[in-house]
Visitor: 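Structure incoming, see below.
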2 protein chains.
Amino acid sequence: MLPDEADQAQRFEKARSAQAGALLEDYVELIDDLLGSGGEARPTDIARRLGVSHATAIKSIARLKREGLATSKLYRGVFLTPEGHDLAARVRARHRLVVDLLIAVGVPERCAELDAEGIEHHVSEAALAAFARFLEAKRK
Amino acid sequence: MLPDEADQAQRFEKARSAQAGALLEDYVELIDDLLGSGGEARPTDIARRLGVSHATAIKSIARLKREGLATSKLYRGVFLTPEGHDLAARVRARHRLVVDLLIAVGVPERCAELDAEGIEHHVSEAALAAFARFLEAKRK
DNA sequence: AATATATTGTAGCCTGTGCTACATTCTAGG
DNA sequence: CCTAGAATGTAGCACAGGCTACAATATATT
Ligand SMILES: [Mn+2]
Ligand SMILES: [Mn+2]
Ligand SMILES: [Mn+2]
Ligand SMILES: [Mn+2]
């Protein structure tokens, strides 16, 4: 009934580490969206869209910079490094695939959007590939 | 292209709050498994299965007790309150449904087990219902 | 029974991610 | 050009959840 001890520990460890990256992923995706839709990515906008205080957003942006995903100068908005931009692209593709999969199995669209925001960070490459195959098969 | 600001903030807020409950959910599910499979749920076993130090496990167990999900006496192992037991049952059912859904759309079994451990905490009731319908439809 | 080992618990540290309150700097209206 | 208001940044707090090191207790072996 119970899985092997080491296996189970590894599963939990994987979930923890995925979660640790989730915040960075959401930030770069959002920043890339803001930059892409014509404008700048300013800390206040980022904070409002994430639903956190601007102080919190600024601290997280500092972490993005520390990890080489973003740059910013005083009062100049936030930009993504090439690494940040790559990450954003992967994260956005994954986000869309997760939403599409959820909808394809019958989850209401609005609900799919809500759930995907958390789910996406835990979907492995192998699962994504399966999702893509499933959607492709269904399309015909 | 970009969603409404308030909608988006709500999505992120929902994902954050789901995440806040994840640790409790994994603990009660695991404790219930250990109790159910004949034995006790001792802090050391819990720690080993979660892949954390025993000190960390003991602190989290303290939180479970604080939140009315578990009880324990010195050197006596951990037990679930009725609330903890109910939560464990819901969490286990959800975990299984998520794994089954992943497998049903073509995710390799091992991978489904891995990903489900993180995904489960972000799947809403509405999505679960959709998963169940999908699996039912597929079964026939 | 004595002692060695395993388990449990405590103390104290770190990091991440929230918050509020306050200070600074831009920017736009008058 | 000034100044009010918005945006940005800083300081300091709280809490969760990791860790190691150490202390206390229970259990098993001899
Ligand atoms: Mn997300
Ligand atoms: Mn996303
Ligand atoms: Mn889990
Ligand atoms: Mn689980």
Side-chain angles (χ1 to χ4, degrees), chain A residues 5 9-31 34-35 39-79 117-118 121, chain B residues 5 8-31 34 39-79 117-118 121:
Chain A
E5 211 169 67
Q10 198 180 352
R11 286 210 322 244
F12 285 120
E13 160 56 28
K14 186 229 166 207
R16 279 194 300 271
S17 102
Q19 193 51 43
L23 181 135
L24 296 177
E25 294 181 347
D26 285 336
Y27 269 80
V28 296
E29 186 186 1
L30 174 57
I31 291 167
L34 290 170
L35 291 174
E40 310 165 85
R42 287 149 70 218
T44 300
D45 296 339
I46 296 171
R48 256 202 310 266
R49 289 203 120 85
L50 285 166
V52 298
S53 75
H54 81 276
T56 296
I58 285 173
K59 264 204 278 197
S60 295
I61 291 164
R63 188 178 154 209
L64 290 184
K65 296 204 269 182
R66 228 174 32 243
E67 310 216 356
L69 297 169
T71 59
S72 80
K73 298 200 192 93
L74 274 187
Y75 295 89
R76 285 292 171 157
V78 183
F79 300 91
E117 199 54 71
H121 308 285
Chain B
E5 210 169 66
Q8 196 167 15
Q10 199 182 349
R11 284 206 328 239
F12 285 120
E13 159 57 28
K14 187 227 164 209
R16 280 194 300 271
S17 100
Q19 193 52 43
L23 181 134
L24 296 177
E25 293 181 349
D26 284 336
Y27 270 79
V28 296
E29 187 186 0
L30 173 57
I31 291 167
L34 290 169
E40 310 165 85
R42 286 148 72 217
T44 299
D45 296 340
I46 296 171
R48 257 202 309 267
R49 289 203 119 86
L50 286 166
V52 297
S53 74
H54 80 277
T56 296
I58 284 172
K59 264 204 278 194
S60 295
I61 291 164
R63 189 179 153 209
L64 290 185
K65 297 204 266 181
R66 224 170 39 239
E67 311 216 357
L69 296 169
T71 59
S72 80
K73 298 201 191 94
L74 275 185
Y75 294 90
R76 285 292 170 157
V78 182
F79 300 91
E117 199 55 72
H121 308 285

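So that the names make sense, note that chain A is the first sequence line, chain B the second, and so on, each numbered from 1. These values consider heavy atoms only, across backbone and side chains, with no hydrogens, waters or symmetry-generated copies. Computed from a predicted structure; not experimentally measured.
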Visitor: Over how many whole Å does the gap from A/Glu40 atom CD to C/dC26 atom P extend?
Guide: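 Roughly 14 Å, once rounded to whole Å.
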
Visitor: Identify the two heavy atoms, one from B/Tyr27 and one from B/Ala57, that lie closest to each other, and give their separation to 0.1 Å.
Guide: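 Smallest interatomic distance, heavy atoms only, reads OH-CA, 3.4 Å.
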
Visitor: Side-chain atoms of residues 64-79 of chain A: list all donor-acceptor pairs with protein atoms under 3.5 Å, sequence neighbours left out, distances to 0.1 Å.
Guide:
from    : atom 1 : to      : atom 2 : distance (Å)
A/Lys65 : NZ     : A/Ser72 : OG     : 2.8
A/Glu67 : OE2    : A/Arg63 : NE     : 3.2

Visitor: In this structure, how many angstroms lie between the P atom of C/dC26 and the CZ atom of A/Arg76, rounded?
Guide: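 So the two atoms are 9 Å apart, to the nearest Å.
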
Visitor: When you measure from every atom of DNA chain D, which of residues 62-74 of chain B have a heavy atom less than 4.0 Å away?
Guide: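 Residues of residues 62-74 of chain B under 4.0 Å from DNA chain D: B/Arg63, B/Arg66.
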
Visitor: What's the CZ-P distance between B/Arg42 and C/dT7, to the nearest Å?
Guide: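 These atoms are roughly 6 Å apart.
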
Visitor: Output the rounded distance in Å from CG (A/Leu50) to C1' (C/dT17).
Guide: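 It is 12 Å, rounded to the nearest whole Å.
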
Visitor: If I take atom CD1 in residue A/Ile58 and atom C1' in nucleotide C/dA23, what distance separates them, rounded to the nearest angstrom?
Guide: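 About 12 Å, once rounded to whole Å.
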
Visitor: Could you state the CD-C1' distance from B/Glu13 to C/dT17, rounded to the nearest angstrom?
Guide: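 Taking CD of B/Glu13 and C1' of C/dT17, I get 13 Å after rounding.
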
Visitor: Taking all non-hydrogen atoms of both residues into account, name the closest pair between B/Arg49 and A/Phe12 and its distance.
Guide: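 Smallest interatomic distance, heavy atoms only, reads O-CD1, 3.4 Å.
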
Visitor: Can you tell me the distance, in whole Å, between the CD1 atom of B/Ile61 and the P atom of D/dG17?
Guide: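 For the pair B/Ile61 CD1 and D/dG17 P, the rounded distance is 13 Å.
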
Visitor: For A/Arg16 and B/Gly51, indicate whether the former's side chain and the latter's backbone hold a donor-acceptor pair under 3.5 Å.
Guide: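 Yes: the side chain of A/Arg16 pairs with the backbone of B/Gly51.
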
Visitor: Taking atom CD of B/Gln8 and atom CZ of B/Arg11, what is their separation to the nearest 0.5 Å?
Guide: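 One finds 5.5 Å between CD of B/Gln8 and CZ of B/Arg11.
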
Visitor: Check A/Ala18 against A/His121 and note the closest heavy-atom contact, atom names and distance.
Guide: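 Taking every non-hydrogen atom into account, CB-O, 3.3 Å.
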
Visitor: Work out which heavy atom in A/Leu30 is nearest to a heavy atom in A/Ile46; give both atom names and the distance.
Guide: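 Shortest heavy-atom contact: CD2-O, 3.9 Å.
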
Visitor: Between B/Phe12 (CZ) and C/dT17 (C1'), how many Å, whole number?
Guide: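 Rounded to whole Å, this separation is 15 Å.
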
Visitor: What heavy-atom pair brings A/Leu35 and A/Ala41 nearest, and what distance separates the two atoms?
Guide: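 Shortest heavy-atom contact: CD2-N, 3.7 Å.
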
Visitor: What's the closest nucleotide to the side chain of A/Ser60 if the choices are C/dG18, D/dA7, D/dG9?
Guide: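 Of C/dG18, D/dA7, D/dG9, C/dG18 is nearest to the side chain of A/Ser60.
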
Visitor: If you go through the side-chain atoms of B/Lys59, does one of them form a donor-acceptor pair with the base of D/dG18 closer than 3.5 Å?
Guide: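 Counting by modelled atom types and ignoring angles, a donor-acceptor contact under 3.5 Å is found here.
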
Visitor: Quick one: which protein N/O atoms are closer than 3.5 Å to N/O atoms of nucleotides 20-26 of chain D? Pair and distance per line, please.
Guide:
from   : atom 1 : to      : atom 2 : distance (Å)
D/dT25 : O4'    : B/Tyr75 : OH     : 3.1

Visitor: Mark yes when over 12 heavy atoms from residues, nucleotides or ligands other than A/Gln19 sit less than 6.0 Å from its CD; otherwise mark no.
Guide: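 Yes, the 6.0 Å shell around CD holds more than 12 heavy atoms from other groups.
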
